[in-house]
Amino acid sequence: MRMKLLAAVTAAAAATLTFSTPAQASHSWGGYHWARTANPFTLKLGDNLNSTWDSHLSTASSDWSKSAVLDTTVVAGQSSARRCAATTGRVEVCNNTYGNNGWLGIASISITGGTHITSGTVKLNDTYFNTATYNTPAWRQLVTCQEVGHTFGLDHQDENFDNPNLNTCMDYTNSPDSNQHPNQHDYDELATIYAHLDSTSTVDQSAAVPQVGNDKASWGKRVAHSERGDTYVRNFGDGKSVVTFVIWAS
């Protein structure tokens with residue numbers, strides 16, 4: 001932990017010094033981040049998955065924990081796989097046959113105060129992952145890694161499915177084999193996002209959070225669109241909202 005804390009301080013300092021250079025990471029998702037009073041912090045990933053998906057969540061957790069500012073730990077889920085309700089202070093990860101609704105995976109984050117994440121959910125749609133196109137370890141790993149990455153406040157590095165792979169799960173692609181894990185650019189961006197500390201924490205807290213469902217009608221207003229991805233925001237008033245990233249099946 002002491003070594004990781006030193007690495008976090010070093011990474012944050014480097015991020016501050018090099019922010020304007022082309023090599024610096026620049027794929028923060030709207031400035032969203034978990035409030036916390038120290039780095040590195042540990043975020044719980046609730047496992048509401050069946051055995052087909054367990055190893056993919058374990059790999060994603062191990063990958064993202066290589067960040068200097070963030071650790072994740074896989075714990076027992078606190079939601080049903082079908083509803084995948086959000087639990088405050090942590091991320092719930094679920095799979096189910098959510099139906100022929102067009103989406104392959106979605107990540108939702110509850111926001112308070114404009115930018116502070118209070119909960120996250122990841123939903124993986126077996127209706128499509130059970131088809132020949134997506135029923136591969138590579139597709140499962142890419143989408144698990146990417147959707148979990150969104151719950152930390154990361155956006156995509158590239159949203160063109162036809163561009164050469166960037167060797168990161170935060171890159172849209174038609175060929176997922178080399179895009180299954182984070183790359184250094186992702187870790188650099190996390191260091192930038194979490195370079196500052198907060199006076200309070202939203203991690204591992206206990207309070208009610210807004211909920212959205214599995215259908216487009218519950219996600220609110222679409223605020224961003226790309227080739228096969230959309231972002232929605234639903235405002236609940238009193239400074240609270242839920243932001244949802246969707247990756248659509250081809």
Sorted by chain and residue number, the side-chain contact (heavy atoms from CB on, under 4.5 Å) partners of Thr59 (sequence neighbours excluded) come out as Asp63, Gln141, His181
Between CD1 of Ile117 and OH of Tyr32, what distance do you get to the nearest 0.5 Å?
-> 9.0 Å
Nearest-0.5 Å distance that lies between atom CG in Asp186 and atom OG1 in Thr168 = 3.5 Å
Does any N or O in the side chain of Asn160 come within less than 3.5 Å of the main-chain N or O of Asp162, such that one atom is a donor and the other an acceptor?
-> yes
Can you pull the salt bridge (Lys or Arg N to Asp or Glu O under 4.0 Å) pairs that have at least one residue in residues 175-185, sequence neighbours excluded?
-> none
Residues which pass side chain to side chain donor-acceptor pair (under 3.5 Å) with Thr200, listed by chain and number, not counting sequence neighbours | none
Do side-chain atoms of Thr127 reach the backbone of Gly99 as a donor and acceptor pair under 3.5 angstrom?
-> yes
Within the side chain of Arg234, is there an N or O that forms a donor-acceptor pair under 3.5 Å with the backbone of Ser218?
-> yes
Derivation and outcome, side chain to side chain contact (heavy atoms under 4.5 Å, CB included), residues Trp64 and Val148 = CA-CA 9 Å; Trp64 286 116; Val148 170; 4.0 Å; yes
For the residue pair Trp248 and Trp219, categorise the inter-ring angle as parallel (less than 30°), tilted (30 to 60°) or perpendicular (more than 60°).
-> tilted
Can Asn179 and Asp171 be counted as having a side-chain donor-acceptor contact under 3.5 angstrom?
-> yes
Which residues satisfy the side-chain contact (heavy atoms from CB on, under 4.5 Å) test with Ser178, sequence neighbours excluded?
-> Asn165, Asn167
Distance (rounded to the nearest 0.5 Å) between Thr112 OG1 and Phe236 CZ = 12.5 Å
Before giving the answer on side chain to side chain donor-acceptor pair (under 3.5 Å), spell out for Thr37 and Ser201 the whole-Å C-alpha distance, their side-chain angles and the decisive distance to 0.1 Å.
-> CA-CA 6 Å; Thr37 58; Ser201 176; 5.9 Å; no
Quick one: side chains of residues 74-91, donor-acceptor pairs under 3.5 Å with protein atoms, not counting sequence neighbours, listed by atom name and distance.
from	atom 1	to	atom 2	distance (Å)
Ser79	OG	Cys84	N	3.4
Ser79	OG	Ala85	N	2.6
Ser79	OG	Ala85	O	3.4
Ser80	OG	Arg83	N	3.3
Arg82	NH1	Thr97	O	3.3
Arg82	NH2	Asn96	OD1	3.0
Arg82	NH2	Thr97	O	2.8
Thr87	OG1	Glu92	OE2	2.9
Arg90	NE	Glu92	OE2	2.9
Arg90	NH2	Ala76	O	2.7
Arg90	NH2	Glu92	OE2	3.3

d(Thr173 OG1, Leu166 CG) to nearest 0.5 Å is 9.0 Å
Flag, side chain of Arg140 to backbone of Trp53, donor-acceptor distance under 3.5 Å = no
Taken in chain and number order and not counting sequence neighbours, the residues that satisfy side-chain contact (heavy atoms from CB on, under 4.5 Å) with Thr202 are Trp34, Ala35, His116, Thr118
Can any side-chain N or O of Ser65 pair as donor or acceptor with the backbone N or O of Ser61 at less than 3.5 Å?
-> yes
Any chance the side chains of Lys123 and Asn95 put a donor and an acceptor closer than 3.5 Å?
-> no
Residues that Ala208 engages under side-chain contact (heavy atoms from CB on, under 4.5 Å), provided they are two or more places apart = none
From CA spacing to verdict: side chain to side chain contact (heavy atoms under 4.5 Å, CB included), Leu190, Leu154 = CA-CA 7 Å; Leu190 286 172; Leu154 284 174; 3.9 Å; yes
When the aromatic ring centroids of Phe41 and Tyr194 are compared, is their separation below 6.0 Å?
-> yes
Test side chain to side chain donor-acceptor pair (under 3.5 Å) applied to Asn101 - qualifying residues, sequence neighbours left out | Trp103, Asn125
Mind running side chain to side chain contact (heavy atoms under 4.5 Å, CB included) on Ile106 and Ile247 for me, showing each step along the way?
-> CA-CA 6 Å; Ile106 56 178; Ile247 178 171; over 6 Å; no
For residues 31-43, which residue pairs qualify under salt bridge (Lys or Arg N to Asp or Glu O under 4.0 Å), counting only residues two or more places apart or in two chains?
-> Arg36-Asp198
Are Asn50 and Asp126 close enough, and set up right, to give a side chain to side chain contact (heavy atoms under 4.5 Å, CB included), and what steps lead you there?
-> CA-CA 11 Å; Asn50 64 26; Asp126 282 334; 4.2 Å; yes
If you measure from CD on Glu189 to CH2 on Trp29, what distance do you get to the nearest 0.5 Å?
-> 13.5 Å
Full working for side chain to side chain donor-acceptor pair (under 3.5 Å) between Thr42 and Thr73 | CA-CA 7 Å; Thr42 299; Thr73 181; over 6 Å; no
With Thr121, which residues qualify under side chain to side chain donor-acceptor pair (under 3.5 Å), at least two apart?
-> none
Please identify each residue that fulfils side chain to side chain donor-acceptor pair (under 3.5 Å) with Ser119, with sequence neighbours left out.
-> Ser110
Heavy-atom nearest pair, Ser226 first then Tyr172, reads OG-CE1, 3.7 Å
Residue pairs meeting salt bridge (Lys or Arg N to Asp or Glu O under 4.0 Å), one or both in residues 217-228, sequence neighbours left out, come to Arg222-Asp230
Mark yes or no for whether Thr192, through its side chain, and Asp188, through its backbone, hold a donor-acceptor pair below 3.5 Å.
-> yes
Candidate list His185, His27, His150, test ring-ring contact (aromatic ring centres under 6.0 Å, His included), partner His156, passing option = His150
